[in-house]
Trainee: 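Quick one: structure below, then a few questions.
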Amino acid sequence: MKFANSKFLATVMMAFISFLSVAQPIDPPADDDPPPAPINTKLIWLMIIGIAFMFYFFKNRAAFNQQAN
């Protein structure tokens, strides 16, 4: 029984030593975050470009499928 307890104690000690050896120091407080970038100012342009890309993609896909047949 004494051997089992010492084995458990050795296992726990090794685990705590490994946790302490990889511990990182506490970082100093960082600067404030910059204000978030607004995304709602260019949503119309994003939608127009997305629709144009959709037509381009499906047009090329249809041409590729006709060429393969």
Side-chain angles (χ1 to χ4, degrees):
M1 187 69 173
K2 186 175 182 182
F3 178 73
N5 289 339
S6 63
K7 188 176 177 182
F8 174 74
L9 183 62
T11 304
V12 170
M13 291 291 284
M14 293 294 176
F16 284 134
I17 289 171
S18 66
F19 287 143
L20 292 175
S21 66
V22 295
Q24 299 292 323
I26 298 174
D27 291 337
D31 295 336
D32 291 338
D33 291 336
I39 61 167
N40 59 351
T41 56
K42 305 291 183 187
L43 285 179
I44 292 175
W45 288 110
L46 182 64
M47 182 179 64
I48 291 169
I49 292 171
I51 291 171
F53 180 73
M54 179 187 67
F55 282 118
Y56 169 78
F57 179 78
F58 284 116
K59 178 183 169 195
N60 285 345
R61 190 172 115 189
F64 180 74
N65 286 341
Q66 288 176 353
Q67 184 181 19
N69 291 334

Trainee: Would you say Ile48 ends up clustered with Phe53 if hydrophobic residues are merged whenever their side chains have heavy atoms under 4.5 Å apart, either directly or through other cluster members?
Mentor: no
Trainee: If hydrophobic clusters are built from ILVMFWY residues whose side chains come within less than 4.5 Å, do Phe58 and Phe55 share one?
Mentor: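 Yes, Phe58 and Phe55 fall within the same hydrophobic cluster.
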Trainee: Run through the side-chain heavy atoms of Ile, Leu, Val, Met, Phe, Trp and Tyr, join any pair under 4.5 Å, and report what else lands in Leu9's cluster.
Mentor: Met13
Trainee: Do Met54 and Met47 belong to the same hydrophobic cluster, where Ile, Leu, Val, Met, Phe, Trp and Tyr are linked whenever their side-chain heavy atoms lie under 4.5 Å apart, directly or via other members?
Mentor: yes
Trainee: Give, for atom CD1 of Ile51 and atom CG of Leu46, the distance between the pair rounded to the nearest 0.5 Å.
Mentor: 10.0 Å
Trainee: Are more than 12 heavy atoms from other residues, nucleotides or ligands located less than 6.0 Å from atom CG of Leu43?
Mentor: yes
